[in-house]
Amino acid sequence: MSEQVTEMPIASPPNGFLWGAATSAYQIEGSPLADGAGPSIWHRFAHMPGRVLNGDTGDIACDHYRRWREDVALMASLGLNAYRFSVAWARVLPEGTGRVNQAGLDFYRHLVDALLEQGIEPMLTLYHWDLPEALDARGGWTSDASPEWFADYARILFRALGDRVRLWITLNEPWVVTSGGYLYGDLAPGHRSLSEAPVVAHNLLRAHAAAFTTGRAEGIGNIGLAVNLEPQYPASRAPEDLAATARRDAFINRWFLDPVFLGTYPSELDGIFGAAWPDRTRSALDALRAPPDFIGVNYYSRSVVREDPTDWPVKAGRVRREGRPHTAIGWEIYPRGLTDILVWLKERYGNPPLYITENGAAFEDPPAVDGRIHDRARVAYLRAHLLAAARALRRGVDLRGYFAWSLLDNFEWSYGYSKRFGLVQVDLATQQRLLKDSALAYRDLILRCRERP
């Protein structure tokens with residue numbers, strides 16, 4: 001028998017609660033240039049020496065582009081009633097704008113149809129970091145034209161799939177796009193610029209607003225925004241640590257939420273970026289105010305914060321909590337933080353509908369024994385975080401679904417294939433899929449929930 005995660009209070013979730021898993025295009029699809037697709041910034045970045053551990057690329061990944069039928073059947077076997085995935089922009093628009101690649105668009109049509117046939121609700125993310133290389137050559141997200149490019153791309157997807165896809169996400173983790181891609185340079189396109197980051201962030205927010213407006217004009221409802229959130233706790237009550245905690249909270253949690261809900265940027269960002277922080281007119285800020293129909297919450301860990309002058313540019317360092325459990329990436333396992341961040345969203349932004357769109361952990365999974373992978377640490381992680389979600393529900397949070405990250409072991413960005421988050425093991429040599437105990441435990445929980453009134 002698989003280890004159980006079924007005794008938790010979330011076993012009686014709200015009607016229509018979604019039990020899902022999540023992936024993204026570049027991380028699982030493979031065949032990035034197949035059938036007329038154009039290259040993305042991640043295709044280029046992964047082929048640059050020294051950018052990705054072990055020189056790994058997404059050229060094959062999980063071969064989902066060719067094995068999607070098998071993967072949909074796998075989802076159905078787990079009892080999932082929802083699946084979050086992203087569209088590769090350059091697969092649909094090889095040049096980023098203009099000519100539509102019908103073969104690429106048809107791939108997603110077929111995928112959506114297969115999901116619906118199995119009773120699995122698709123949640124489609126328009127952008128999960130893989131900007132077409134052709135648009136990067138035109139300035140990428142630093143270009144004032146980028147929101148228009150994104151809105152045009154979104155319109156194509158809305159018109160092609162809007163009759164079958166109910167839940168849409170404009171951007172996945174715009175903070176990571178900004179900080180990893182343009183501030184620190186450890187993710188595609190690999191820039192390191194204090195002045196570019198605020199421009200990119202503003203254009204991403206404009207892009208969300210433009211896609212949201214476009215969707216409404218096309219008759220699309222349920223348009224959300226997925227953000228990575230990380231509750232911040234001060235290392236002490238010293239004034240400098242409290243101030244550092246507020247700066248880090250503004251930098252990570254409020255930068256991409258205050259503008260869309262409140263029409264303003266956190267005041268701390270001006271101090272963080274100094275002269276690189278541009279002044280914005282009231283009308284420019286008002287244009288960002290496009291409250292999404294729901295927020296997707298990507299939660300992995302928390303931060304305990306102290307002032308740190310060496311931490312550029314926020315001057316707010318993370319304190320590693322020795323003696324606490326950590327994942328293989330070094331993230332502290334702190335389920336209470338999920339409850340805290342969900343309640344914070346409720347209190348700060350008026351209790352918007354929420355989905356946990358990513359939650360999971362990388363562990364050093366043991367070898368298979370008799371065809372089974374006993375990933376006990378991941379089973380415990382799932383149980384603890386679902387309990388944390390249940391606590392948020394009891395506190396009045398409008399939580400409507402949970403998506404485990406990730407369905408499959410996949411290409412984990414700059415870590416390559418060295419970190420495995422999947423409920424399902426993928427043998428990179430054979431592409432064989434093998435359910436881990438965590439997948440079976442999740443399946444059992446979903447079954448229990450469906451059986452209870």
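Every heavy atom of this structure was used, including side-chain atoms; hydrogens, water molecules and symmetry mates were not. We number each residue from 1, following the sequence as shown.
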Requested in this report: I would like to know whether D293 and R216 meet salt bridge (Lys or Arg N to Asp or Glu O under 4.0 Å); could you show each step before the answer?
Outcome: CA-CA 11 Å; D293 297 311; R216 284 293 189 265; 2.5 Å; yes

Salt bridge (Lys or Arg N to Asp or Glu O under 4.0 Å) for R420 and E412? Distances and angles first, verdict last.
CA-CA 8 Å; R420 292 178 172 259; E412 193 51 44; over 6 Å; no

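- In this structure, Y349 has its ring center under 6.0 Å from that of W344.
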Using the ring pair (Phe, Tyr, Trp, His ring centres under 6.0 Å) rule, take W312 and F273 through it: C-alpha gap first, then chi angles, then the decisive distance, then the call. CA-CA 10 Å; W312 178 85; F273 287 96; 8.4 Å; no

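- Listed for the S146 side chain is a donor-acceptor partner under 3.5 Å among the backbone atoms of S143.
- Taking the centre of each ring, Y355 and Y402 stay at or above the 6.0 Å mark.
- One distance of note links OG of S303 with CG of D249; it measures 10.5 Å at 0.5 Å rounding.
- A salt bridge between D286 and R289 is absent, with no side-chain N of the basic residue lying under 4.0 Å from a carboxylate O of the acidic one.
- Taking the six-membered ring for Trp and thresholds of 30 and 60 degrees, Y381 and H385 have nearly parallel ring planes, at less than 30 degrees apart.
- Of the residues listed (H64, R433, Q432), the one engaging V426 in a side chain to side chain contact (heavy atoms under 4.5 Å, CB included) is R433, and it is the only one.
- Aromatic pair W168/F158: ring centres closer than 6.0 Å.
- Geometrically, R302 engages Y233 in a cation-pi contact defined by less than 6.0 Å to the ring centre and at most 45° from the axis.
- In this structure, N101 contributes its side chain and R91 its backbone to a donor-acceptor pair below 3.5 Å.
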Notebook entry, point to check: Could you walk me through whether L423 and L382 pass the side-chain contact (heavy atoms from CB on, under 4.5 Å) check?
Noted result: CA-CA 10 Å; L423 301 175; L382 277 173; 4.0 Å; yes

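- Ring centroid separation for the pair W129 and Y127 does not come in under the 6.0 Å cut-off.
- Of the inter-residue distances, the one linking E29 atom CD with D59 atom CG reads 13.0 Å to the nearest 0.5 angstrom.
- A donor-acceptor contact shorter than 3.5 Å is absent between the side chain of D375 and the backbone of K436.
- Checked against the 6.0 Å centroid threshold, Y153 and W89 count as a close aromatic pair.
- Aromatic ring centres of W68 and Y108 lie farther apart than the 6.0 Å criterion allows.
- When only modelled atom types and interatomic distance are considered, T23 and R84 share no side-chain donor-acceptor pair under 3.5 Å.
- Annotation: cation-pi geometry not satisfied between R51 and F45 (NZ/CZ under 6.0 angstrom from ring centroid, within 45° of ring axis).
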